[in-house]
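Just so we're clear, the structure is a prediction, and the values are computed from it rather than from any experiment. Below, read A as the first sequence line, B as the second, and so on, with proteins coming before strands; counting in each chain starts at 1.
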Amino acid sequence: MTGTAVRRTLLYAALLVGALISVAPYLMTLNASFKTTQGMFSTQAWTPAHPATFSNFASLWSQYDMSGFMVHTLIVSVAITVGQVLFCSLSAYAFARMEFPGRDLLFWAFVATMMVPQIVTLVPLFLIMSHFQLTDTYRALILPYVFGTPYGIFLVRQYFRTIPPDLEAAARIDGAGTWTILWRIILPLSRPILATLATVTFVNSWNNLLWPLMATSSERTTVITVGISALQGQYASQLNIVLTAAAVALLPLIAVFLVFQRHIVRSIALTGLK
Amino acid sequence: MLKLTTRRFAATAACAALVGLTAACGGSGSAKAGGTVTLTYMIWQDSEKAAYQASINEFEKAHPSIKVNLELVAWAQYWSKLQTGAASRNMPDVFWDHLAYLPQLAKEGIVTDLTSKIKAANLDTGVYSPKLLAQWQSGTVTYGLPKDWDTIATIYNKSMLAKAGLTADQMNHLSWDPATGGSFVAALQKLTVDANGKHPNQPGFDAKHVKTYGIALEAPNGQQDWWDFGLQNGCKLQDKAYGKWTVNTPACVQAIQFEQDLRDKWHVAAPGSETNTPNAASLPQILAKGDAATTFDGDWDLTSFESAMPAGSWGVSALPSGPAGTGTVFNGLSDAVYAHTKHPAEAWELEQWLASPASEKLVADSGTVWPGIPTLNDGFAAAWKAKGVDVTAFRTGSEGTTMGYPLTTSNTTFNTIVLQDFNQVWLGQMTPQAAADDVNSKSNAAITSDN
Amino acid sequence: MEAYLLIGPSLAGFLLFLVVPIIGVFALSLFSWDLVGTPQFVGLANYRRLAGDGAAWTAVGNTVYYVALNIPAQTVLALLLALALNRKMRGGKVFRVLFVLPWMAMPVALGIIWTWAFDPRHGAVNHLLSLVGIAGPNWLTSTTWAMPVIASVNVWQYTGYTMLFLLAGLQAIPEQIYEAAAVDGVSAVQRFFKITLPLLRPSMFFVLITNVIGSFQLFDTVFVMTQGGPGTSTTTLNYYIYQQAFQLFHAGYAATLAIVLFAMILLVTAGQFLYFRKRTVYDFS
């Protein structure tokens, strides 16, 4: 073999190992969700579940309100995602294209709050919610994030700035107003970044633990993160069931990701730089 | 991939936002609709949910105008949820109460004093175990009616016992002393086996490769390990109820030292690295995996042993006795009524039912939990007998020398410091005296600062 | 004022759910309060308490330790992957997707999975180690190993994502620069340190700023895997704040600690800003 061929083989080998490490925890978890409690102790994580049992899923659904948790999380995540995409786009457009007093100051104020850790606002936010008697409702989970986040506004604004202003100028000459320009020109051109924002937001909402842990208390509003962390204590002796729950929590996101992966990979290339 | 047109996108967005902001939420707390009152009843033990649901079904049949939502919140989140619930006035109407948290809840004025209601309803409180009832009373105030009780006993793996040549009867009469270890350590030595089949008291025993330990001891605050050893050694955790902590007295430190010795000197107990909470496997899991032959655990875990281990493979025996005699922690729960409930009358009806002989019998007979009314104990024992497990040891324990939970407002501080320090004691990184001193001074400081 | 109409909703949310709570947390830090009773004004007592609270400084140390474990490992690995993938190659796109897959995993679920994988007797990690003759430790119950294990969750999760940003940065470096260097006979090592790394600074800047801010807020995996233990070995500042606020119900003191965390993040971010400012022209406008 020539030097390049050897190097190429080594490169692929290294990448394959990396890919295996990336995927293995998912596969082993999925595998474990088809094993019995005894099977968990007697077999290795990578030994295929044989015979595969569906009883973990059955007991998860019968003894535990797993579908309820997923529906609650879905409602909250979808509402937040839709709101974020909408309101971030509106603000981002104003910040990117319009002149108004205090624009830069406001924009930097937004961006600066990206540094504020979630836990800083946690207690006051909780007090605000309880003042309006909103604790333990979906609204408490949705409201703090639905109007857009500094990160989202920053992301979209940076993208809007890469769209040539000539396009809008031409439309304005034809008599189009701001809203028309936004709906007809800017947003259609910004699909990749909006898809990215939607994915990032959905993933963050789906995975968020701290705020739901605080803001909700009943089964009626339990989201999947809170449900699973509680499950861990209750089924400590049945790891197969807990891992099944983990698998169930992970899979929807993989689906979302695989659908949007082209947009994400592409738009990260655009936003990471500018 | 976003195939939505912008117009449709906008419409969807607006709708979803509206749904999110207005419609997608239920009413909160208790509600009254069409003359029916809905109460929320919050519990933490998943394994007891079915029995309490059955009891509530009976209650609803007898009270057609009251609906009860049984709400399960895991122990790990339960007390935070109660506190944040109290802060936002979004509380269950009736909820399980634990003595470790009662003083704090009482101080915050969250739990109802039931004295006048008990009197008005002419309830006979004589049916309850006096020891249990007394814990829920303070002066003239009664914060709950005993719902159940629990003690600690030894759970063992039957075949491992047989292999070591030990009988169930011998297990019931073990004793320990700090110097020689006594018959307790001797039995554990027989049960501990290394990778080469050697026992800790044999030459060539390899403490680094132990296949099965004689015992696994695991407790977040000490209830299932050093509190019991302490009681058996004459240690008192507090000078009196609501008094000062006395964890660093010689009797207590000696008991903690004994448990450290079980791990590090005699090598018969699983090391802290395998049993430290919360990271370690649960006790039923450790026994099921065969990593230990015996353990100390409370009766609330019986159903977990049942689901983790093959039927007929495990049994229950008494705790060993120590220099000061036998002893176990004896604890019980009650149902508390939220002080600011919108439906005090209905909540009291529920409280009364849950503490009634009828409901306690229903729950005990299902083998769910020992009842707060001693005359119903047989029902619980019979339920487990039918499953092939003799649970008498828990009951014998409750009738002997016992200690209740320490009553203090500094419980949360105590729990946090104990968890941190004792993790290190069991890893051999801190001496029992240093840990006891630290726990004692910080917990006592919390009593003064929090009051 | 069309512009204000456009930013109106975001601004309202920003003020109500971010600005007001931030002001609130400063106010709260002057009170002693258990969330339920009446708050007591205590002036600067919480700040004085902080000075003498060894546990709080242990938590600060743990947080710094975690960031120090996590950020270099993640960044170096991501850079290596990005360099490997920065070429025309078969399957490059597939690899990219596979590497990013961990990014969206739920930390709560990951905590459960990692706890299982690192189980001392029955976990995959120790079993793999035993195949090559190494007796693995009791990872999560060891005060030495618990934090590195938690850091490894984060490295696993974010390396691929970080790689995407760095890869984008690499691809933005004009080919001509390398060609010119080749003419001058620059070695591969020199090329990396003299050309690639300096030109990668804008991406590096973005990646480091966001990852460091995120790392300071580690909570979920600690909550699920160790609850701050064994001992206090994984009690990060973020987790300590949670403990103070929602387990010990010291809301005022927790607010004080939250301000400390905020200040730490502010300082570190400002430091990074200055460091990169000197060396890069980063177009933020």
Report task. Check whether A:Leu20 gets within reach of chain C through its side chain, its backbone, both or neither, counting any heavy atom under 4.5 Å. Result -> neither
Report summary line: Scanning both residues in full, the closest heavy-atom pair of C:Tyr242 with A:Leu213 reads OH-CD2, 3.7 Å
Report task. Begin with the C-alpha distance, continue with both residues' side-chain angles, and end with the deciding distance and a verdict on side-chain contact (heavy atoms from CB on, under 4.5 Å) for A:Ser22 and C:Leu101. Result -> CA-CA 7 Å; A:Ser22 289; C:Leu101 221 45; 5.5 Å; no
**Report entry** Structural part of A:Pro252 lying under 4.5 Å from a heavy atom of chain C
**Finding:** neither
Report summary line: Turns out that what part of A:Met98 lies under 4.5 Å from chain C's heavy atoms comes down to side chain
Query raised in the report: Using non-hydrogen atoms only, which part of C:Phe262 is less than 4.5 Å away from chain A: side chain, backbone, both, or neither?
Result: both
Query - CA sep, side-chain torsions, deciding dist, call: C:Phe17, A:Tyr145, side-chain contact (heavy atoms from CB on, under 4.5 Å) - result: CA-CA 8 Å; C:Phe17 301 121; A:Tyr145 305 104; over 6 Å; no
Query raised in the report: So which part of C:Leu11 gets closer than 4.5 Å to some heavy atom of chain A, the side chain, the backbone, both or neither?
Result: both
Query raised in the report: Side chain, backbone, both or neither: which part of C:Ile113 has an atom under 4.5 Å from a heavy atom of chain A?
Result: both
Query raised in the report: Does A:Val120 reach the side chain of C:Pro21, with side-chain heavy atoms less than 4.5 Å apart?
Result: no
Requested in this report: Any chance you could measure A:Thr225, atom OG1, to C:Asp220, atom CG, to the nearest 0.5 Å?
Outcome: 7.5 Å
Requested in this report: Answer yes or no: is there a side-chain heavy-atom contact under 4.5 Å between A:Gln118 and C:Phe219?
Outcome: no
Query raised in the report: With a 4.5 angstrom heavy-atom cut-off, which part of A:Ile128 approaches chain C: side chain, backbone, both or neither?
Result: side chain
Query raised in the report: Distance from A:Trp179 atom CH2 to C:Glu2 atom CD, nearest 0.5 Å?
Result: 7.0 Å
Query raised in the report: Once the angle between the rings of A:Phe100 and C:Tyr4 is folded into 0 to 90°, is it parallel (under 30°), tilted (30 to 60°) or perpendicular (over 60°)?
Result: perpendicular
Report task. Side chain from CB out, backbone as N, CA, C, O: work out which of these in A:Leu16 comes under 4.5 Å of a heavy atom of chain C, or both, or neither. Result -> both
Query raised in the report: So does C:Arg90 have more than 12 non-hydrogen atoms from other groups sitting under 6.0 Å from CZ?
Result: no
Query raised in the report: Mind checking whether A:Met114 and C:Ile209 have side chains closer than 4.5 Å, heavy atoms only?
Result: no
Report summary line: If one checks every heavy atom of A:Gln44 against chain C at 4.5 Å, the contacting part turns out to be side chain
Query raised in the report: Where does A:Val226 contact chain C at under 4.5 Å (heavy atoms): side chain, backbone, both or neither?
Result: neither
Report task. Side chain from CB out, backbone as N, CA, C, O: work out which of these in A:Leu250 comes under 4.5 Å of a heavy atom of chain C, or both, or neither. Result -> side chain
Query raised in the report: Picking from A:Ala92, A:Cys88, A:Ala112, A:Ala19, which has the most non-hydrogen pairs under 4.5 angstrom with chain C?
Result: A:Ala19
Query raised in the report: When you look at A:Phe147 and C:Phe14, which way does the ring pair (Phe, Tyr, Trp, His ring centres under 6.0 Å) test go after all the steps?
Result: CA-CA 8 Å; A:Phe147 295 114; C:Phe14 175 70; over 10 Å; no
Query - C:Val20 versus chain A, the contacting section by heavy-atom distance below 4.5 Å - result: side chain
Query raised in the report: For A:Tyr26, is it the side chain, the backbone, both, or neither that has a heavy atom closer than 4.5 Å to a heavy atom of chain C?
Result: side chain
Query raised in the report: Any idea which of C:Gly13, C:Ser10, C:Ala109 has the most non-hydrogen atom pairs under 4.5 angstrom with chain A?
Result: C:Ser10
Report summary line: From the list C:Ala12, C:Ala84, C:Gly160, C:Gly24, the residue making the most non-hydrogen contacts under 4.5 Å with chain A is C:Ala84
Query - A:Arg8, part contacting chain C, at a heavy-atom distance under 4.5 Å - result: side chain
Query - Gap separating the CG atom of A:Leu231 from the CD1 atom of C:Ile112, nearest 0.5 angstrom - result: 7.0 Å
Requested in this report: Report the distance from atom CG of A:Leu239 to atom OG1 of C:Thr115, rounding to the nearest 0.5 Å.
Outcome: 9.0 Å
**Report entry** Choice from C:Lys93, C:Gln157, C:Met89, C:Arg96 maximising heavy atom contacts with chain A below 4.5 Å
**Finding:** C:Met89
Query raised in the report: Considering only heavy atoms from C-beta outward, does the side chain of A:Phe126 approach that of C:Phe246 to under 4.5 Å?
Result: no
Requested in this report: Please round to the nearest 0.5 Å and tell me the distance separating atom CD1 of C:Ile22 and atom OG1 of A:Thr113.
Outcome: 6.5 Å
Query raised in the report: Considering only heavy atoms, which portion of C:Leu28 lies under 4.5 Å from any heavy atom of chain A: side chain, backbone, both, or neither?
Result: side chain
**Report entry** Top contributor to chain C contacts, counting heavy-atom pairs under 4.5 Å, from A:Thr149, A:Ile254, A:Thr178, A:Val203
**Finding:** A:Thr178
Query raised in the report: Among A:Pro117, A:Ala246, A:Ala45, which has the most heavy-atom pairs under 4.5 Å with chain C?
Result: A:Pro117
Query raised in the report: Non-hydrogen atoms of chain A under 4.5 Å away: do they reach the side chain of C:Leu85, the backbone, both or neither?
Result: side chain
**Report entry** Max heavy-atom pair count under 4.5 Å with chain A, selected residue of C:Gly123, C:Ala258, C:Pro102
**Finding:** C:Pro102
**Report entry** Heavy-atom proximity to chain C below 4.5 Å, by part of A:Leu209
**Finding:** both
Requested in this report: Heavy-atom distances under 4.5 Å only: say whether C:Ala117 touches chain A with side chain, backbone, both or neither.
Outcome: neither
Report task. In sequence, state the C-alpha distance, the side-chain angles, and the governing distance for A:Val242 and C:Trp116, and then conclude on side-chain contact (heavy atoms from CB on, under 4.5 Å). Result -> CA-CA 10 Å; A:Val242 183; C:Trp116 168 52; over 6 Å; no
**Report entry** Stepwise side-chain contact (heavy atoms from CB on, under 4.5 Å) check, A:Met115 with C:Phe216
**Finding:** CA-CA 10 Å; A:Met115 280 183 293; C:Phe216 269 99; over 6 Å; no
Query raised in the report: Heavy-atom distance under 4.5 Å to chain C: side chain of A:Phe110, backbone, both or neither?
Result: both
Query raised in the report: Which bit of A:Met214 is near chain C, if near means a heavy-atom gap under 4.5 Å: side chain, backbone, both or neither?
Result: side chain
Report task. Ignoring hydrogens and angles, tell me if any N or O in the side chain of C:Trp156 forms a donor-acceptor pair with the backbone of A:Ile21 under 3.5 Å. Result -> yes
Report task. Could you tell me which non-hydrogen atom of A:Tyr93 sits nearest to which non-hydrogen atom of C:Leu6, and how far apart they are? Result -> CD2-CD1, 3.9 Å
Requested in this report: Please tell me if the side chains of A:Thr121 and C:Leu18 come closer than 4.5 Å, counting only heavy atoms from C-beta onward.
Outcome: yes
Query raised in the report: Is there side-chain contact between A:Ile119 and C:Tyr240, with heavy atoms separated by less than 4.5 Å?
Result: no
Query - Atom pair CE (C:Met104) and CG (A:Asn207), whose distance is rounded to the nearest 0.5 Å - result: 9.5 Å
Query raised in the report: Based on non-hydrogen pairs under 4.5 Å, which of A:Ala14, A:Ala109, A:Gly177, A:Ser91 is most in contact with chain C?
Result: A:Ser91
**Report entry** Residue part contacting chain A, namely of C:Phe99, when any heavy atom lies under 4.5 Å
**Finding:** both
Query raised in the report: Is the shortest heavy-atom distance from the side chain of A:Phe87 to the side chain of C:Ile7 under 4.5 Å?
Result: no
